[in-house]
Protein chains: 2
Amino acid sequence: MPTASTPSKKYHNRAFYLNAAFELIRDIGIDKLTMRRLAEYLDVSAMAIYKHFGSKDELLKAVLDEFIARADVVPPAQLPWHEWVAQLARGMFRALQGETAWLPLLGSFDIGENALRVTTAFIDRLMQEGLAFEQAVAAYLTMIHLVIGAVTLQATFEKSMAAVAQTLAQEKQVSARPILAMVDRDQIDIGLPLFIAGLKARLAAAGRTQG
Amino acid sequence: MPTASTPSKKYHNRAFYLNAAFELIRDIGIDKLTMRRLAEYLDVSAMAIYKHFGSKDELLKAVLDEFIARADVVPPAQLPWHEWVAQLARGMFRALQGETAWLPLLGSFDIGENALRVTTAFIDRLMQEGLAFEQAVAAYLTMIHLVIGAVTLQATFEKSMAAVAQTLAQEKQVSARPILAMVDRDQIDIGLPLFIAGLKARLAAAGRTQG
DNA sequence: ACCTGAACACCGTTCAAGT
DNA sequence: ACCTGAACACCGTTCAAGT
């Protein structure tokens with residue numbers, strides 16, 4: 001099988017283009033991926049891609065689902081639920097981190113096959129712990145909110161960490177150091193304890209109702 | 001003072017361009033705003049804008065801060081803290097809702113003057129309730145994560161609500177109706193109770209330590 | 001000081017034509 | 001069936017020139 005780095009001159013299939021797009025995005029970032037650039041990378045005309053993907057959006061959607069699959073964020077089942085949840089959230093965070101350009105796609109694309117797999121794994125686990133189906137769905141959605149928000153803010157802070165801390169410290173008449181420490185952490189680790197605490201309360205309530 | 005709808009043929013200042021950009025974005029959406037279109041809207045050359053804003057990004061950054069100011073999301077002080085927090089979060093959610101195109105900006109721009117005002121209001125309120133400064137900052141950041149994530153997912157679901165519910169219901173062998181109900185709610189209302197529960201636990205712990 | 005017009009180096013996508 | 005080349009209708013931004 002030819003790789004994208006040594007493309008054969010024969011015709012390529014959908015999977016080949018998908019893989020090449022994945023590689024190229026890893027190398028140059030998603031916001032720099034253009035149809036013309038991908039074509040050049042494969043030594044092919046830009047229009048060749050359109051035989052396999054109806055539009056750039058369709059291509060990106062496919063890459064995103066592939067990305068989720070390769071991130072492989074579902075933790076081992078033997079972990080206690082709160083660690084399992086924390087690890088899953090951190091895994092998603094890390095996968096998306098630095099790839100802010102994915103975020104508008106998350107907000108505009110349908111749920112893919114591989115994204116669905118993660119969803120059901122999460123819901124299964126929390127139902128196993130005693131949550132009702134609706135509550136498990138709510139918990140899953142909340143975790144996704146936290147991850148997306150954390151990735152978004154992380155990008156802000158990486159570009160202007162010092163500025164934000166400085167401004168806030170001046171305003172509140174406190175030292176900038178604790179703020180810098182806060183902003184220096186992975187953003188996901190800030191909301192996660194609060195989220196787990198909320199989940200614990202809900203699980204306790206569910207246990208009371210059931211038991 | 002001339003409005004953007006009846007532009008004078010005299011020179012315009014920075015505030016005028018800013019206001020016009022704000023109006024135009026409200027009308028056509030942020031992703032359709034181009035320098036050429038704004039120029040056409042003002043019956044001016046595209047390059048005129050560059051006298052007042054160094055780049056399109058600088059213009060958008062200014063519009064975003066203006067947007068935050070006009071959203072006016074800080075609730076009345078007499079509300080109990082949990083309602084105050086919930087109202088603030090819902091206000092931000094509603095301001096951003098449907099304007100997904102703002103989200104990549106939130107992730108790439110420095111904090112503006114008006115954004116800072118909301119930040120300090122939130123931190124003040126939670127410190128008043130007994131949280132330490134660092135914890136109040138953490139709570140604020142977590143709320144922002146939730147809002148950004150909720151807005152992002154809301155956009156997804158509005159485009160493919162039925163599809164998501166259907167897929168998930170089939171997978172879990174349950175009726176699609178409760179999932180539809182979940183996805184039909186404002187996404188912010190899903191994570192907010194969990195967040196408030198977590199905050200309550202933290203406030204109780206803080207009270208115990210202090211008292 | 002502020003604005004214009006033309007130009008540069010890009011985009012995504014269409015369409016007719018090639019093999 | 002799959003790919004190419006040229007073209008269309010756009011972008012943000014530069015630069016020299018105008019008033």
Side-chain angles (χ1 to χ4, degrees), chain A residues 1-4 6-22 24-25 27-64 100-102 104-105 107-109 159, chain B residues 1-4 6-22 24-25 27-64 100-102 104-105 107-109 159:
Chain A
M1 206 219 282
T3 73
T6 57
S8 118
K9 281 290 174 190
K10 294 258 140 267
Y11 294 161
H12 304 131
N13 58 21
R14 192 185 149 99
F16 186 89
Y17 282 104
L18 187 58
N19 187 62
F22 196 87
L24 193 52
I25 286 175
D27 291 352
I28 67 175
I30 195 178
D31 42 327
K32 259 154 199 153
L33 182 86
T34 69
M35 298 304 259
R36 282 175 166 88
R37 233 169 137 166
L38 177 57
E40 194 190 5
Y41 180 63
L42 292 176
D43 199 21
V44 107
S45 120
M47 294 315 104
I49 307 166
Y50 283 86
K51 261 282 111 98
H52 302 95
F53 302 90
S55 64
K56 190 185 179 185
D57 251 31
E58 198 186 309
L59 171 65
L60 287 178
K61 177 180 168 167
V63 176
L64 175 62
T100 334
W102 283 118
L105 302 186
S108 70
F109 281 162
K159 283 190 192 159
Chain B
M1 207 217 281
T3 72
T6 57
S8 119
K9 279 294 173 188
K10 296 254 141 271
Y11 293 160
H12 304 131
N13 58 21
R14 191 184 149 101
F16 185 89
Y17 282 104
L18 186 59
N19 187 62
F22 196 87
L24 193 52
I25 286 174
D27 291 351
I28 67 175
I30 195 179
D31 41 329
K32 259 154 199 155
L33 183 87
T34 68
M35 299 303 260
R36 283 174 167 90
R37 233 170 137 165
L38 177 57
E40 193 189 6
Y41 181 64
L42 292 177
D43 199 20
V44 106
S45 121
M47 292 315 105
I49 308 166
Y50 283 86
K51 261 283 109 100
H52 303 94
F53 301 91
S55 66
K56 190 187 178 184
D57 251 31
E58 197 186 309
L59 171 65
L60 287 178
K61 177 179 169 166
V63 176
L64 175 61
T100 335
W102 284 118
L105 301 187
S108 70
F109 281 162
K159 283 189 193 161

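Naming convention: chains lettered A, B, ... in sequence-line order (proteins, then strands); numbering from 1 in each chain. In what follows, every heavy atom counts, from backbone to side chain, and hydrogens, waters and symmetry copies are set aside.
Listed by chain and residue number, B/T34, B/A46 satisfy the side chain to side chain contact (heavy atoms under 4.5 Å, CB included) test with B/R36 (two or more places apart in sequence, or in another chain). Annotation: salt bridge (charged side-chain N to carboxylate O under 4.0 Å, His left out) contacts of A/R37 (sequence neighbours excluded): none. With sequence neighbours excluded, no residue forms a side chain to side chain contact (heavy atoms under 4.5 Å, CB included) with B/K51.
Put simply, OH on A/Y17 and CG on A/L59 are 11.0 Å apart, with the number rounded to the nearest 0.5 Å. The distance from the CG atom of B/L64 to the CG atom of B/D57 is 11.0 Å, given to the nearest 0.5 Å. For the atom pair CG (B/L38) and CD1 (B/I49), the distance works out to 4.0 Å, reported to the nearest 0.5 Å. Atom CG of A/L24 and atom CG of A/N19 lie 11.0 Å apart (nearest 0.5 Å).
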Could I get a table of every N or O pair under 3.5 Å where one atom is in the protein and the other is in nucleotides 17-19 of chain D?
none

Produce the list of close N/O pairs, under 3.5 Å, pairing protein atoms with atoms of nucleotides 8-11 of chain C; give distances to one decimal.
{"unit_1": "C/dC11", "atom_1": "OP1", "unit_2": "A/T34", "atom_2": "OG1", "d": "3.4"}
{"unit_1": "C/dC11", "atom_1": "N4", "unit_2": "A/R36", "atom_2": "NH2", "d": "3.4"}

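If you take CZ of A/R14 and C1' of D/dC3, they are 18 Å apart, rounded to a whole angstrom. Atom pair A/L60:CG and C/dG12:C1' shows a separation of 12 Å (rounding to whole Å applied). Protein atom CE of A/M47 is 14 Å distant from nucleotide atom P of D/dA7, rounded to whole Å. Residue A/D31 contributes atom CG, which lies 12 Å from atom P of C/dG12 at whole-angstrom precision. Atom CG of B/L42 is separated from atom P of C/dT4 by 10 Å (rounded to the nearest Å).
Using modelled atom types, one side-chain atom of A/H52 and one backbone atom of A/H12 make a donor-acceptor pair closer than 3.5 Å.
In the region residues 48-55 of chain A, proximity to DNA chain C at under 4.0 angstrom, judged on heavy atoms, holds for A/Y50, A/S55.
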| message | Run the side chain to side chain contact (heavy atoms under 4.5 Å, CB included) test on A/L60 and A/L33 for me, step by step, so that the C-alpha distance in whole Å, both residues' side-chain angles and the decisive distance to 0.1 Å come before the verdict. | response | CA-CA 10 Å; A/L60 287 178; A/L33 182 86; 4.0 Å; yes
| What do the steps show when you test B/K61 against B/F53 for side chain to side chain contact (heavy atoms under 4.5 Å, CB included), and what is the final call? | CA-CA 10 Å; B/K61 177 179 169 166; B/F53 301 91; over 6 Å; no
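Nucleotides C/dC8 and D/dC10 have their C1' atoms positioned 15 Å apart, rounded to a whole Å. To the nearest whole angstrom, the two C1' atoms, one in D/dC15 and one in C/dC3, are 14 Å apart.
Here the closest non-hydrogen pair linking B/E58 and B/G54 is OE1-N, 3.1 Å.
Secondary-structure stems of DNA chain C, taken as three or more successive Watson-Crick or G-U wobble pairs (i with j, i+1 with j-1) under a 3.5 Å distance threshold, comprise C:4-8 with D:12-16, C:12-16 with D:4-8.
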